[in-house]
Amino acid sequence: MPNILRANTKIFRSHGDCNLKSDTSISKTRLISAVLSVAAGCINGMIGTGGGIVLTYMFSHLENDKEIKDHLVCSMAVMLPVSCVSILTYGFGNFDSAVHFITTAVSAVVGGFIGGVIGERAAPAVLRRIFAAVVIWGGISMIF
Amino acid sequence: MLGYALTAIAVAILAGTGVGGGGLFVLYLAAICSYPQPKAQAVNLVFFIFAAAASLIYHLRHRRISPSAIAFCTLFAVGGTLIGTAIRNLLPENVLRIVFGIFLVAVGTRTLFAKEKSPENRGT
């Protein structure tokens, strides 16, 4: 068995398990994580977003001895290289100008860093509710 | 361009805090900026790459992560991306918008009704 897969036996363990988890259980866990990773990549490749939520859900169930922020960071770390591969499939002509590209990149870096720093505190529930309402409204407007 | 930059910063902050944001930026680009759906998705991917990289610089020093699990999942997720890309290339733009809309409604509904501390109450 490759070392990278053997290393996962310590990572993909269920709540309450010790390191003596059976090979069958470990294989099942790896299979689930592989299938959900493919699903996350598939969603991201198809609609350009959404893979992260699948991976956060997966990590939170397979490694539930950690905090939610750890799962968010893990899913972000997976989606970063995945998005780099995905963007290659779109080509490079999607920005109107160099200014457009630079504005997008700088805004993302500034916002991403600020979000990372203040994200250590729990996101207010009211903010999530507003986000959800806007997203539902947007989704309905896209469908119809 | 100022409005675009401010919106991008606000969405990146939301994404970094875990509220959600990726879907919101595609929505902004497609609905407000009138970008074609594939173009909005491509711009959002570039946006996410920069936002996630900046956020990870901070997070990787403060959070417990599993490098081997990340490598394992990345391998399969990249394969999934290629499958998703193939499906995307087969679908007309209006169908892609509808699929994206259904995804947004599902994520929004889940976020709206999720329990306060459950892992599922985070956005995209």
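The figures that follow rest on heavy atoms only: side chains count, while hydrogens, waters and symmetry mates do not.
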Visitor: With respect to chain A, which residue among B:Ala40, B:Gly79, B:Ala8, B:Ala12 yields the maximal number of heavy-atom pairs within a distance under 4.5 Å?
Guide: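 Looking at each of B:Ala40, B:Gly79, B:Ala8, B:Ala12 in turn, B:Ala12 comes out on top.
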Visitor: In Å and rounded to the nearest 0.5 Å, what is the CG to OG distance from B:Leu75 to A:Ser37?
Guide: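 That separation rounds to 9.0 Å.
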Visitor: Any non-hydrogen side-chain atom of B:Leu45 less than 4.5 Å from a side-chain atom of A:Asn44?
Guide: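 A side-chain contact exists here, since the closest heavy-atom pair is under 4.5 Å.
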Visitor: Would a hydrophobic clustering, with Ile, Leu, Val, Met, Phe, Trp and Tyr connected at side-chain separations under 4.5 Å, put A:Trp137 with B:Tyr28?
Guide: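 Cluster IDs for A:Trp137 and B:Tyr28 differ.
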Visitor: For the atom pair CD1 (A:Ile114) and OG (B:Ser55), what is the distance rounded to the nearest 0.5 Å?
Guide: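 Spacing of CD1 (A:Ile114) from OG (B:Ser55) equals 11.0 Å.
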Visitor: Quick check: do B:Phe50 and A:Val110 have side-chain heavy atoms less than 4.5 Å from each other?
Guide: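 Not touching, per the 4.5 Å side-chain cut-off.
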Visitor: So for B:Tyr4, is it side chain, backbone, both, or neither that comes closer than 4.5 Å to the heavy atoms of chain A?
Guide: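 Side chain of B:Tyr4 only, per the 4.5 Å heavy-atom cut-off to chain A.
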Visitor: Quick one: are B:Val46 and A:Ile87 in side-chain contact, heavy atoms under 4.5 Å?
Guide: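 Heavy-atom side-chain distance check passes, below 4.5 Å.
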Visitor: Taking atom CZ of B:Phe47 and atom OG1 of A:Thr103, what is their separation to the nearest 0.5 Å?
Guide: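 Answer for the CZ-OG1 pair, B:Phe47 versus A:Thr103, is 12.5 Å.
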Visitor: For side-chain contact (heavy atoms from CB on, under 4.5 Å), just list the numbers for B:Arg110 and A:Tyr57, CA-CA rounded to whole Å, side-chain angles, deciding distance to a tenth of an Å, and then say yes or no.
Guide: CA-CA 12 Å; B:Arg110 191 175 183 86; A:Tyr57 179 81; 3.3 Å; yes
Visitor: Heavy-atom cut-off 4.5 Å, strictly under: side chain, backbone, both or neither for B:Ala31 against chain A?
Guide: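 No part of it gets close to chain A.
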Visitor: When clusters are formed by joining ILVMFWY residues with side-chain heavy atoms under 4.5 Å apart, either directly or through shared neighbours, do B:Leu112 and A:Ile140 land in the same one?
Guide: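 Yes: a chain of side-chain contacts under 4.5 Å links B:Leu112 to A:Ile140.
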Visitor: Where is the tightest heavy-atom contact between B:Gln41 and A:Gly48, given as atom of each residue plus distance?
Guide: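 For B:Gln41 versus A:Gly48, the nearest heavy atoms are NE2-N, 3.8 Å.
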Visitor: Of all the heavy-atom pairs spanning B:Leu24 and A:Val134, show the shortest one and how long it is.
Guide: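 What the structure gives for the nearest pair is CD1-CG1, 3.7 Å.
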Visitor: Does a side-chain heavy-atom distance below 4.5 Å link B:Val78 with A:Pro81?
Guide: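 B:Val78 vs A:Pro81: side chains apart.
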Visitor: What are the two closest non-hydrogen atoms of B:Thr111 and A:Arg129, and how far apart are they?
Guide: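 Closest heavy-atom pair between B:Thr111 and A:Arg129: O-NH1, 3.6 Å.
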Visitor: Quick check on A:Ala34 against chain B: is it the side chain, the backbone, both or neither that has a heavy atom closer than 4.5 Å?
Guide: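 Both parts, backbone and side chain.
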Visitor: In terms of hydrophobic clustering (I, L, V, M, F, W, Y; side-chain heavy atoms under 4.5 Å; direct or indirect links), are B:Leu6 and A:Val109 co-clustered?
Guide: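 Result: no, two separate clusters.
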Visitor: Hey, mind stepping through B:Phe103 and A:Val135 against side-chain contact (heavy atoms from CB on, under 4.5 Å) and telling me if it holds?
Guide: CA-CA 10 Å; B:Phe103 171 79; A:Val135 161; over 6 Å; no
Visitor: Is any side-chain heavy atom of B:Ile49 less than 4.5 Å from a side-chain heavy atom of A:Cys84?
Guide: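 Heavy-atom side-chain distance check passes, below 4.5 Å.
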Visitor: Select, from B:Leu82, B:Ile9, B:Leu96, the one with the greatest count of heavy-atom pairs under 4.5 Å involving chain A.
Guide: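 Top count of heavy-atom pairs under 4.5 Å with chain A: B:Ile9.
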Visitor: Side-chain heavy atoms nearer than 4.5 Å, only ILVMFWY residues, links allowed to pass through others: does that put B:Phe113 and B:Val105 together?
Guide: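 Linked, B:Phe113 and B:Val105 end up in one cluster.
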Visitor: About how many Å separate CG of A:Asn94 and CG of B:Asn44, when rounded to the nearest 0.5 Å?
Guide: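 That separation rounds to 11.5 Å.
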Visitor: Has B:Arg88 got its NZ or CZ under 6.0 Å from the middle of the six-membered ring of A:Tyr90, at an angle within 45 degrees of the ring axis?
Guide: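 Yes, a cation-pi geometry.
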Visitor: What closest approach, in Å, do A:Met76 and B:Phe48 show between heavy atoms, and which atom pair accounts for it?
Guide: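 So the minimum-distance heavy-atom pair works out to CG-CZ, 4.3 Å.
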Visitor: What verdict does the side-chain contact (heavy atoms from CB on, under 4.5 Å) test give for A:Ser33 and B:Phe72, after you've listed the backbone C-alpha separation in whole Å, the side-chain angles of each residue and the deciding distance to 0.1 Å?
Guide: CA-CA 9 Å; A:Ser33 54; B:Phe72 181 84; 3.3 Å; yes
Visitor: Nearest 0.5 Å, please: how far is CD1 in B:Ile83 from CE in A:Met46?
Guide: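 It comes to 11.5 Å.
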Visitor: Verify the cluster assignment for A:Val35 and A:Ile53: are they in a single hydrophobic cluster under the rule of side-chain heavy atoms below 4.5 Å apart?
Guide: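 The answer is no; the residues belong to distinct hydrophobic clusters.
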Visitor: Considering non-hydrogen atoms only, spot the tightest contact between B:Leu104 and A:Gly138 and give its length.
Guide: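 Heavy atoms of B:Leu104 and A:Gly138 come nearest at CD1-C, 4.2 Å.
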Visitor: Please determine, among B:Ala53, B:Ala42, B:Ala10, the option with the most heavy-atom pairs under 4.5 Å with chain A.
Guide: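 The residue among B:Ala53, B:Ala42, B:Ala10 with the greatest pair count is B:Ala42.
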Visitor: Which region of A:Phe144, side chain (C-beta onward) or backbone (N, CA, C, O), has a non-hydrogen atom less than 4.5 Å from a non-hydrogen atom of chain B, or is it both or neither?
Guide: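 When you check distances to chain B, no heavy atom of A:Phe144 falls under 4.5 Å.
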Visitor: How close do B:Arg97 and A:Met142 get, counting heavy atoms only, and between which atoms?
Guide: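 Smallest heavy-atom distance, with atoms named: NH2-SD, 3.6 Å.
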Visitor: Let me see the working for A:Phe101 and B:Val43 under side-chain contact (heavy atoms from CB on, under 4.5 Å), right down to the final yes or no.
Guide: CA-CA 8 Å; A:Phe101 175 80; B:Val43 172; over 6 Å; no
Visitor: Can you confirm whether B:Cys73 sits close enough to A:Met58 that some side-chain heavy atom of one is under 4.5 Å from a side-chain heavy atom of the other?
Guide: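 Answer yes - side chains close enough.
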Visitor: Say you draw a straight line from OG1 of A:Thr89 to CG of B:Asn89; how long is it, rounded to the nearest 0.5 Å?
Guide: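 CG of B:Asn89 is found 7.0 Å from OG1 of A:Thr89.
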